[in-house]
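The block underneath contains the structure these notes are about, expressed in structure tokens.
Being a predicted model, the structure only gives us computed values, none of them experimental.
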Amino acid sequence: MGKEYYDILTAAASSVGMEFDDIKYEKFIKYRDLLKEWNEKVNLTAITEDEEIIKKHFIDCMKIFKFKPLKDAGKIIDIGTGGGFPGIPIKIMRPDVEIVLLDSLKKRINVLNDILKNIGIEDVSTVHGRAEDYAQTSEYREKFDAVVSRAVANLAALSEFCLPYVKVGGYFVAMKGPSVEDEVINAKRAIGILGGKLEDIMEVEIEDSDLNHNLVIIKKIKNTPKQYPRKAGMANKKPL
């Protein structure tokens with residue numbers, strides 16, 4: 001196996017204070033190949049070029065560790081994981097972490113199970129269902145040190161999907177594109193109602209590209225009221 005992306009992945013890991021090695025590299029390359037293979041049958045990603053997958057998916061997800069508490073979080077759930085982002089890259093970088101991947105499409109969950117098996121990652125839970133439903137169960141509600149989500153919905157709706165899963169004292173980290181200021185302003189009320197407090201907006205840069213993304217960091221400071229999240233569809237139709 002060639003190592004053409006080894007240096008850029010190592011540099012990206014190093015930039016956020018994470019270790020990188022041959023084992024992690026092999027897992028990422030296998031992941032890339034399986035994504036491309038499965039993407040022909042099930043829509044997982046619009047990004048299909050090797051270098052773009054490395055930068056726009058893997059390195060982008062790796063940069064979530066710029067927020068240091070994620071290096072120590074014991075239990076993380078990825079809401080609306082799609083092709084496994086950012087949950088699978090988090091797990092590759094931190095094999096010790098307990099990860100749950102949740103997605104509303106059964107086909108995608110089946111694909112992720114196959115990908116995880118073939119990459120050689122065993123202890124990841126994959127869940128098929130809607131975020132609004134699982135957040136009301138005692139097994140999932142306020143049970144996670146961190147909730148992560150990437151490009152799923154606007155921040156007001158996304159906060160309603162995600163904050164109910166976060167333990168008080170834990171964090172919701174939303175991975176967003178370059179211009180998040182308006183979205184954050186419009187979501188402040190929802191974040192407060194749901195028990196969160198905006199802590200930071202961290203800019204992240206992707207090596208060898210002009211891509212700039214943001215991590216929106218929300219700390220859970222009190223319990224989410226029982227009526228949230230509302231039933232499926234409400235958070236998008238009528239944001240708080």
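Linking ILVMFWY residues whenever their side-chain heavy atoms come closer than 4.5 Å, directly or via other members, leaves Ile221 and Ile218 in distinct clusters. There is no path of hydrophobic side-chain contacts, each under 4.5 Å, that joins Leu105 to Leu35. Residues Leu158 and Met234 do not share a hydrophobic cluster, clusters being chains of Ile/Leu/Val/Met/Phe/Trp/Tyr side chains in contact below 4.5 Å.
Using modelled atom types, one side-chain atom of Asn186 and one backbone atom of Asp182 make a donor-acceptor pair closer than 3.5 Å. Side-chain atoms of Lys176 do not come within 3.5 Å of backbone N or O of Leu215 as any donor-acceptor pair. Side-chain N or O atoms of Lys24 include one that pairs as donor or acceptor with a backbone N or O of Met93 at under 3.5 Å. Between the side chain of Asn214 and the backbone N or O of Gly177 there is at least one donor-acceptor pair closer than 3.5 Å. Lys66 contributes no side-chain N or O that, together with a main-chain N or O of Val204, makes up a donor-acceptor pair within less than 3.5 Å. Under the 3.5 Å distance criterion, the side-chain polar atoms of Tyr25 are matched with a main-chain donor or acceptor of Tyr5. Formation of a donor-acceptor pair under 3.5 Å by the Glu132 side chain with backbone atoms of Phe161 is not found in this model. One N or O on the side chain of Ser149 and one on the backbone of Ile79 form a donor-acceptor pair closer than 3.5 Å. A donor-acceptor pair is defined here as one N or O able to donate and one able to accept, closer than 3.5 Å; no such pair exists between the side chain of Asp200 and the backbone of Ile217.
Here the side chains of Phe58 and Ile29 are not in contact, with every heavy-atom distance at 4.5 Å or above. Residues Met62 and Pro86 have side chains not in contact (no heavy-atom distance under 4.5 Å, counting atoms from C-beta outward). Using a 4.5 Å heavy-atom cutoff, the side chains of His213 and Met175 are not in contact. Between Asp22 and Tyr6, the closest side-chain pair of non-hydrogen atoms falls below 4.5 Å. Using a 4.5 Å heavy-atom threshold, the side chains of Lys55 and Glu207 count as separate. Within the 4.5 Å cutoff, no side-chain heavy atoms of Lys197 are placed close to those of Ile191. Contact check for Val147 versus Ile76: no side-chain heavy atoms found under the 4.5 Å cut-off. In this structure, the side chains of Ile88 and Ile92 come closer than 4.5 Å at one or more pairs of heavy atoms.
For the side chain to side chain donor-acceptor pair (under 3.5 Å) with Arg108, the lone residue among Asp103, Asn43, Asn113, Thr81 that qualifies is Asp103. A salt bridge (Lys or Arg N to Asp or Glu O under 4.0 Å) with Glu160 is found for exactly one of Lys237, Arg230, Lys231, namely Arg230. Results of the salt bridge (Lys or Arg N to Asp or Glu O under 4.0 Å) test with Asp145 over Lys75, Lys167, Lys220, Lys219 single out Lys167 as the only residue that passes. For the side chain to side chain donor-acceptor pair (under 3.5 Å) with Lys36, the lone residue among Thr48, Thr45, Asp50 that qualifies is Asp50.
Counting all heavy atoms, side chain and backbone alike, Gly84 lies closest to Leu112 at N-CD2, 3.7 Å. Ala174 and Leu155 get closest at one heavy-atom pair: CB-CD1, 3.8 Å. Heavy-atom minimum distance, Leu211 versus Lys56: CD1-CG, 3.6 Å. Residues Lys222 and Val168 approach most closely at C-CG2, 3.7 Å, considering heavy atoms. Across Arg141 and Gln136, no two heavy atoms sit closer than the pair NH1-OE1, 3.4 Å. For the pair Glu199 and Phe67, the tightest heavy-atom approach, listed with the atom from each and the gap, is OE2-CE1, 4.4 Å.
A salt bridge does not link Arg150 to Asp78: none of the charged side-chain nitrogens sits closer than 4.0 Å to a carboxylate oxygen.
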Inset, instruction - Apply side chain to side chain contact (heavy atoms under 4.5 Å, CB included) to the pair Tyr171 and Phe144, showing each step before the final yes or no. - result: CA-CA 9 Å; Tyr171 292 93; Phe144 294 87; over 6 Å; no
Inset, instruction - Before giving the answer on side chain to side chain contact (heavy atoms under 4.5 Å, CB included), spell out for Ile77 and Ile99 the whole-Å C-alpha distance, their side-chain angles and the decisive distance to 0.1 Å. - result: CA-CA 6 Å; Ile77 185 167; Ile99 285 264; over 6 Å; no
Legend entry - Asp123/Lys91 under side chain to side chain contact (heavy atoms under 4.5 Å, CB included): CA gap, chis, key distance, verdict: CA-CA 9 Å; Asp123 48 343; Lys91 181 69 179 173; 3.3 Å; yes
Inset, instruction - Show your reasoning for whether side chain to side chain contact (heavy atoms under 4.5 Å, CB included) applies to Trp38 and Ile115. - result: CA-CA 9 Å; Trp38 270 110; Ile115 286 173; 4.0 Å; yes
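Glu142 and Asn223 share a side-chain donor-acceptor pair at under 3.5 Å. Counting only N and O atoms by type, the side chains of Asn110 and Asp114 include no donor and acceptor under 3.5 Å apart.
Rounded to the nearest 0.5 Å, atoms CZ (Phe172) and SG (Cys162) are 4.0 Å apart. Distance CD1/Ile54 to OG/Ser209: 13.0 Å, rounded to 0.5 Å. Considering CG of Asn39 and NZ of Lys41, their distance stands at 11.0 Å, rounded to 0.5 Å. To the nearest 0.5 Å, atom CE of residue Met18 and atom CG of residue Leu70 are 9.0 Å apart. The CG atom of Leu9 lies 5.0 Å from the CD1 atom of Ile59; values are rounded to the nearest 0.5 Å. Atom CG of Leu34 is separated from atom CG of Asn118 by 5.5 Å, given to the nearest 0.5 angstrom.
At most 12 heavy atoms of other shown residues, nucleotides or ligands fall within 6.0 angstrom of atom CD in Glu40. Open room surrounds CD on Glu205; 12 or fewer heavy atoms of other groups in view lie less than 6.0 Å from it. Other residues, nucleotides and ligands place no more than 12 heavy atoms under 6.0 Å from the CD1 atom of Ile23.
In this structure, the ring of Tyr165 has its center no less than 6.0 angstrom from the ring center of Tyr134.
For Lys71 and Phe65, the positive end is not near the middle of the six-membered ring at less than 6.0 Å and at most 45° from its axis.
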